[in-house]
J.: 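Take a look at the following structure, please.
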Amino acid sequence: MASDATRQLFLTGLRNAHAMEHQARELMERQIERSTDYPQVEARLRQHLEETKTQIERLNTIFDELGESHSEFKDAAMAFLGNMAAIGHAVAPDEILKNQLANNAFENYEIAAYKSLLALAQDGGASASAVNTLKQNLAEEEAMAKWVSEHVGEVTLDYARRTHAS
Ligand SMILES: [Fe+2]
């Protein structure tokens with residue numbers, strides 16, 4: 001049986017994850033618009049944007065299953081990770097590089113958030129299918145973090161070539 005305290009912690013974690021994914025979606029939408037010179041980055045961001053929309057739906061399914069509303073915490077979504085959003089907003093010549101570094105941090109933050117949720121899930125009252133759902137989200141974050149980490153060098157050199165060419 002789930003303890004009430006653990007359930008509350010789990011619900012708070014879920015709400016934070018929901019806010020985090022909203023922030024991720026907004027960041028990626030902005031970055032996609034500004035990554036057209038880097039088609040490989042743009043394509044991977046588009047893929048992860050679609051994954052992120054699905055992740056939000058998955059989180060909503062868990063809220064429904066727990067009998068909790070997911071429409072009452074828009075403010076938290078707006079305020080969450082403001083610093084990251086500022087990085088995403090910054091217009092600088094090397095914006096593409098700054099975004100790769102920020103995305104590396106953001107994806108690893110997301111990984112830790114899902115690991116934390118998974119640690120609480122069972123005692124927090126999550127069903128087996130909810131646990132699997134969280135694992136699906138985690139796997140997508142891990143894949144994206146790996147991609148960002150593996151491509152940061154390549155994107156940097158691409159940027160360097162463009163800077164020298166102009
Ligand atoms: Fe992500």
Side-chain angles (χ1 to χ4, degrees), residues 9-66 68 70-71 73-90 92 94-121 124 126 129-156 158-159:
L9 262 183
F10 181 59
L11 285 173
T12 300
L14 277 178
R15 291 193 182 96
N16 288 339
H18 194 272
M20 170 183 82
E21 296 299 357
H22 272 277
Q23 190 76 62
R25 190 177 69 187
E26 286 172 24
L27 275 176
M28 279 187 285
E29 283 170 349
R30 275 201 301 276
Q31 286 188 18
I32 285 166
E33 283 172 19
R34 309 176 65 83
S35 300
T36 47
D37 287 346
Y38 298 83
Q40 211 186 356
V41 173
E42 185 190 353
R44 190 61 180 89
L45 284 171
R46 283 189 188 282
Q47 181 192 329
H48 197 50
L49 176 62
E50 291 312 307
E51 289 168 348
T52 298
K53 290 176 183 171
T54 304
Q55 289 170 358
I56 292 170
E57 290 307 312
R58 290 190 192 122
L59 291 172
N60 288 343
T61 304
I62 300 178
F63 284 115
D64 290 340
E65 207 181 282
L66 292 167
E68 295 287 329
H70 47 78
S71 58
F73 42 92
K74 291 194 177 97
D75 290 345
M78 297 307 289
F80 195 72
L81 288 183
N83 291 336
M84 286 293 178
I87 293 169
H89 275 126
D94 62 347
E95 182 184 10
I96 187 77
L97 299 188
K98 290 195 169 88
N99 284 342
Q100 301 320 297
L101 307 187
N103 290 351
N104 192 80
F106 199 107
E107 297 304 329
N108 280 284
Y109 184 102
E110 290 183 301
I111 288 169
Y114 283 113
K115 286 183 175 172
S116 173
L117 270 177
L118 280 161
L120 292 167
S129 82
V131 169
N132 279 335
T133 290
L134 292 172
K135 284 181 180 169
Q136 276 178 293
N137 284 15
L138 172 61
E140 288 167 357
E141 305 306 0
E142 287 175 334
M144 184 60 177
K146 187 166 184 279
W147 191 91
V148 172
S149 174
E150 286 176 355
H151 289 80
V152 66
E154 190 183 318
V155 175
T156 302
D158 193 0
Y159 171 74

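Counting starts at 1 for both ligands and their atoms, in listed order. Here the structure is a predicted model, which is why all the values come from computation and not from measurement.
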J.: Tell me whether the Fe ion (ligand 1) has Glu51 as a neighbour, meaning an N, O or S atom of it below 2.8 Å.
T.: no
J.: Over 60° means perpendicular and under 30° means parallel, so tell me whether His151 and Trp147 are parallel, tilted or perpendicular.
T.: parallel
J.: Does the shortest distance from the Fe ion (ligand 1) to an N/O/S atom of Glu141 fall below 2.8 Å?
T.: yes
J.: For the metal site, I want the angle between atom NE2 of His48 and atom OE1 of Glu110 with the Fe ion (ligand 1) at the apex, to 10°.
T.: 160°
J.: Using a distance threshold of 2.8 Å, state whether an N, O or S atom of Glu107 lies below it from the Fe ion (ligand 1).
T.: yes
J.: Only one of Glu140, Glu21, Glu65, Glu51 forms a salt bridge (Lys or Arg N to Asp or Glu O under 4.0 Å) with Arg58, so which one is it?
T.: Glu140
J.: For the pair Ser35 (side chain) and Gln31 (backbone), establish whether a donor and an acceptor sit closer than 3.5 Å, ignoring hydrogens and angles.
T.: yes
J.: Measure from the side-chain N and O atoms of Asn103 to the backbone N and O of Asn99, and report whether any donor-acceptor pair falls under 3.5 Å.
T.: yes
